Amino acid sequence: MQPYSNSGSPDASRPEDRLPGDVTYLRTMIVNVVMIGAPGSGEWVLVDTGMPGSSSKIVKAARERFGTDKPKAILLTHGHFDHTGSVKDLMELFPDVPVYAHELELPFLTGRADYPPGDPTVGGGLMAASAPLFPNKGIDLGGRAQPLPADGSVPYLPDWHWLHTPGHSEGHVSFFRNLDGTLVAGDAFITVKQESALAVLTQRREIHGPPTYFTPNWEAARTSVARLVALRPAAAVTGHGEPMAGDELVQGLEHLSSHFDEVAVPASGRYVDSARIKPEP
Ligand SMILES: [Zn+2]
Ligand SMILES: [Zn+2]
């Protein structure tokens with residue numbers, strides 16, 4: 001079963017034009033950060049912080065777009081190194097900006113737990129083969145890292161709510177706006193074959209499950225994708241790959257959900273049979 005792909009059809013628009021006007025993204029090497037806020041408003045929220053060394057690129061883009069480089073808050077979909085690579089630099093730049101994540105992700109953000117190591121045996125390409133080299137150590141943000149509000153609300157974004165979408169990591173969250181069906185999905189699903197260095201380079205659009213080398217619980221990942229499909233998002237930006245919208249998104253997600261075991265779960269791998277979500281002691 002091939003993953004759903006629509007990359008053969010012409011699409012002249014810029015990738016960011018697939019998102020509503022107050023949501024945009026910035027690619028830092030292999031991973032996206034998302035910026036939410038009306039351009040020129042001086043108010044915005046950052047979702048994820050990209051690869052290490054990305055802070056100057058992020059603040060420059062923010063200054064141009066919003067008129068201020070300082071976000072109201074930093075939200076983390078999860079704590080993997082490529083999503084938290086610049087969080088410490090940004091926290092230093094903006095000492096009073098709060099950082100939010102799911103409470104189950106906080107052990108990995110406060111030095112109390114490490115992620116399971118990247119699994120090279122999932123196959124799929126050079127990125128997967130390199131997975132053992134990717135950092136899996138938790139980081140320590142200290143008391144600055146706070147749990148997202150238990151009622152599902154999102155600080156500074158009154159129209160949005162967060163959903164617990166575990167599987168790729170224990171405390172993984174996605175963000176959704178009911179008003180227009182905009183989804184920020186982190187790595188719950190992604191729009192590029194992240195295991196393949198070539199696909200990452202070209203950003204060929206194709207809906208996939210979470211990056212396989214870092215996903216320890218496929219049962220939970222399947223349930224999370226089903227939850228997101230049920231939202232019928234109109235537009236989505238994910239942790240890896242270009243934004244998607246409309247039929248391409250809905251059909252791709254439905255295909256992923258209904259063929260999840262064939263499309264998303266690797267045929268073999270360290271975490272395929274024995275779903276392991278608990279941090280190592
Ligand atoms: Zn991840
Ligand atoms: Zn990622």
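Residue numbers start at 1 and run along the sequence shown. Order of appearance sets the numbers: ligands from 1, and atoms from 1 within every ligand. What you see is a predicted model, and the numbers here were worked out from it, not measured in a lab.
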Answer with yes or no after comparing the ring centroid distance for His168 and His83 against a 6.0 Å cut-off, counting only values under it. no
Which N, O or S atom name in [X] marks its closest approach to the Zn ion (ligand 1)?
X      : result
His78  : NE2
His168 : NE2
His80  : ND1

Rounded to 10°, the OD2/Asp187 to the Zn ion (ligand 2) to NE2/His83 angle comes out at 90°
Do His240 and Gln194 get their side chains close enough for a donor-acceptor pair, meaning under 3.5 Å? yes
Would Thr49 and Thr84 count as having a side-chain donor-acceptor pair, cut-off 3.5 Å? no
What's the separation between atom CG in Leu76 and atom OH in Tyr100, rounded to the nearest 0.5 Å? 12.0 Å
